[in-house]
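As the structure is a computational prediction, the values presented were derived from the model and not from experiment. Atom set for the values below is all heavy atoms of this structure, side chains included, hydrogens, waters and symmetry mates excluded.
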Protein chains: 2
Amino acid sequence: MRADARRNHERILEAARELFAEGQHDVPMEEIARRAGVGVGTLYRHFADKEALMGDLVRERFLVFNENLRDALAALPQTPAFEALALALRQNATSVAEDAATRFAFMTGEERVFAAAAAEMDEFRTLAAELVGRAKECGELRADFDAADIPMVMCGVCATIDRPKPDWDWRRHLELVLSGMRARATG
Amino acid sequence: MRADARRNHERILEAARELFAEGQHDVPMEEIARRAGVGVGTLYRHFADKEALMGDLVRERFLVFNENLRDALAALPQTPAFEALALALRQNATSVAEDAATRFAFMTGEERVFAAAAAEMDEFRTLAAELVGRAKECGELRADFDAADIPMVMCGVCATIDRPKPDWDWRRHLELVLSGMRARATG
DNA sequence: ACCTGAACACCGTTCAAGT
DNA sequence: ACCTGAACACCGTTCAAGT
């Protein structure tokens, strides 16, 4: 790939992140191209369509998620496994809250958006399963919790993050879910 | 309103429900009009725009939610308050799961969609507050749970309902949340 | 009063022409 | 190889003409 092409690729992603961050709910491809300083044709040369562009944003976000999960695993066993898991989920939610582009992609994205991040999502599942296993072993996480429940509950918290209301607070939502995950004290 | 106009109004809502139920993610206004047997102009005579149409679908769904909450209140005190609340939430989630049109409206709707159902949502909040109060009184619901958390967690479960994945199960999600809501046994 | 559908606007996507 | 932007397709919405 030529140097100018690579630069354009980066500029397009950056322009998308900027425009979504500026608050409009959706952003036209035309506008993303203009902000990136390229023609629409160039945008479509780099990304098959809008879903592919959003897929790349999702992919980058999963790289961050996975780093948070790896940090959590690295903190074991000094940190109790449930607390390490809870911290990683709080970090992931915060990272989504700060990135309007990914949030839009998560909420409106069809299958093809997530297909672009399949490898990273696989790694996410593997790391989550490891962490969930460790937290169950020490009896801090309820025994019937499944690793696949992690993406599911995160999806729920994301929905709250994405539609802020005066009397909603996604941190409360997450803490409530964490509380449901925590094992009850055994008699 | 003339009889034929009233019939058209009903037909349009019915057509929208049908088409969304048939599985496409979104449905063009043109297609809704055709299915209802009217011109697009007529559709726009009955509903200011697409959001207003979806708002009416949301409004009807809230009528069902409120009925479920009233049933729960009527079952007190024979039924324990927390169980009555849990049943109502399960019924509401099931009703959303069976209505693709409302689900789409909930997930993609902007403020204006919910504005159309403002009165019904107010009643929902009132009923939910009453039920939450009763469940706290008997110590079955955790004391720091707020009535406003009900719509918030339901929004999270809706997100799971709306994007089914092979290893996700919205009923599990709801039960997990309910488990987080339940008061811990006091020492 | 209410209905109709051609026409317009907006935005995702393509492609012939350029460097 | 890569870039450009005019052109096309699709869909939400309007409005002049009809009953």
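Place Gly41(A) and Met29(A) on DNA chain C by their nearest nucleotides, and Met29(A) ends up nearer the 5' end. Heavy-atom nearest nucleotides on DNA chain D were determined for Arg45(A) and for Val40(A), and the one closer to the 5' end corresponds to Arg45(A). Ranked by how close their nearest DNA chain C nucleotide is to the 5' end, Thr42(B) and Lys50(A) are led by Thr42(B).
Near DNA chain D, meaning a heavy atom under 4.0 Å from it, residues 4-22 of chain A has Ala5(A), Asn8(A) in order of number.
Regarding Glu30(A), its CD atom lies at a distance of 15 Å from the P atom of dT14(C), rounded to whole Å. With rounding to whole Å, His25(B) atom NE2 is found 16 Å from dC11(D) atom C1'. Rounded to a whole Å, the CE atom of Met54(A) is 10 Å from the P atom of dG12(C). As a whole-Å value, the separation of Arg2(B) CZ from dC2(C) C1' is 5 Å. Residue Asp49(A) contributes atom CG, which lies 15 Å from atom C1' of dC10(D) at whole-angstrom precision. In this entry the distance linking CD1 of Ile32(A) with P of dC11(C) reads 12 Å, nearest Å. In this structure, Leu53(A) places its CG atom 11 Å from P of dG12(C), rounding to the nearest Å. In this structure, CZ of Phe47(B) is placed 18 Å from C1' of dT14(D), rounded to the nearest angstrom.
Judged purely by atom type and a 3.5 angstrom limit, Arg59(A) has no side-chain atom pairing as donor or acceptor with the backbone of Glu120(A).
Nearest approach of Ile12(B) to Thr42(B), heavy atoms of both residues: CD1-O, 4.5 Å.
Phosphate contact (OP1/OP2 of dC3(D), side-chain N/O of His46(A), threshold under 4.0 Å): present. Between Tyr44(A) and the phosphate of dT13(C), there is a side-chain N or O to OP1/OP2 separation shorter than 4.0 Å.
Using a 4.5 Å cut-off on side-chain heavy atoms (C-beta onward), Phe106(B) and Val113(B) make no contact.
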